[in-house]
Structure formats: structure tokens, C-alpha cells
Amino acid sequence: MEENANINILIIRFLDGSITPSEKEILYAWISESEENKKDFLNLYRTWNLNQASTLDFEDEKAYQEVWAKIKREEPARRKHRFPLRVLLVTATTAAAIILLLIILKPFTEVYEGPDISSFFERNNLFSG
């Protein structure tokens, strides 16, 4: 009975990585003694891994929730900085487009008076007035 307790302690130390080289040799010898020992060890090994996997899944979910909560807390702060910058950018772009359009259209807004034809009419007595 005491030997089984010692073997169980060695198996636990093996699974959590704290086994010494000499204890590992004792454990390997016990496993190789019989098929029943090998099956017992494999069952404990599988159970340990399943337990570790479920613990990791829980911690992963917790980590995911913490990250998601942090994103939600920081999201309003990011939006505050982004919105005024966007408004400023749109306003500056619109103003630049209007100024450019006015510069391009300036020559077309000047009133064209043409040549002075009144002197032409007076010289040729075409203007009766």
C-alpha cells in the first residue's frame, strides 16, 4: 500500500515536472514491470492532461474577457480623439477644394468689355445719335 502511495507521488511529480532523475528511473522501472502499471500510468497521464486543458480553457476565457473589457473601456477614448481629427480633415479638404476652384474660375469671372467700338462708329459716321 505504501509503495502505491510512493508511486502516485512520483507520477504527480513527473506530471508537474518536479521529478528528479533518480525518481524518474524508479517510475520508469515501475511502469515497465507490468501492463497494468503501464495502463494505470497512462490513465493518470490522460486525466492530468484533460484537467490541465480544462484549466487552460478557463484561463483563456478569463483572459479573453479581460482583454475585451479593456478594449471596451478604451474605445470611447479612441473615438474622442478620432472624431475631431476626422472633422478637421474633412473641413480642411473642403476648404482647399473651394479655394482651388475659385482660383481656377477667377479668369472666367472677369467681365470682358471687348475693344472700344464707339470710336469706330464715330469715325465712320455709323452712329447716328
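If you read the sequence from its start, that first residue is 1, and numbering goes on from there.
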Practice prompt. Determine, using the 4.5 Å side-chain heavy-atom cutoff (strictly less than), whether Leu44 and Leu42 are members of one ILVMFWY cluster.
Written response: yes

Worksheet item: Does the side chain of Ile7 come within less than 4.5 Å of Leu10's, by heavy atoms?
Response: yes

Worksheet item: Quick one: CG on Asn43 to NZ on Lys38, what's the gap to the nearest 0.5 Å?
Response: 12.5 Å

Worksheet, complete the sentence: Distance col, row Ile98:CD1 vs Thr93:OG1, nearest 0.5 angstrom, shows 11.0 Å

Practice prompt. Please tell me if the side chains of Tyr45 and Ile11 come closer than 4.5 Å, counting only heavy atoms from C-beta onward.
Written response: no

Worksheet item: So Trp48 and Phe14, side-chain contact (heavy atoms from CB on, under 4.5 Å) or not? Walk me through it.
Response: CA-CA 11 Å; Trp48 178 272; Phe14 174 81; over 6 Å; no

Discussion item. Run Leu27 and Glu23 through side-chain contact (heavy atoms from CB on, under 4.5 Å) and show every step you take.
Written reply: CA-CA 6 Å; Leu27 179 63; Glu23 290 173 333; over 6 Å; no

Worksheet item: How many angstroms lie between CD in Glu33 and OH in Tyr28, if you round to the nearest 0.5 Å?
Response: 15.5 Å

Discussion item. Could you check whether any side-chain heavy atom of Arg13 comes within less than 4.5 Å of a side-chain heavy atom of Ile9, counting everything from C-beta outward?
Written reply: yes

Discussion item. With rounding to the nearest 0.5 angstrom, report the CD1 to CD1 distance, Ile104 to Ile99.
Written reply: 12.0 Å

Worksheet item: Is Ile12 linked to Phe41 within one hydrophobic cluster, defined over Ile, Leu, Val, Met, Phe, Trp and Tyr using a side-chain heavy-atom separation of less than 4.5 Å?
Response: no

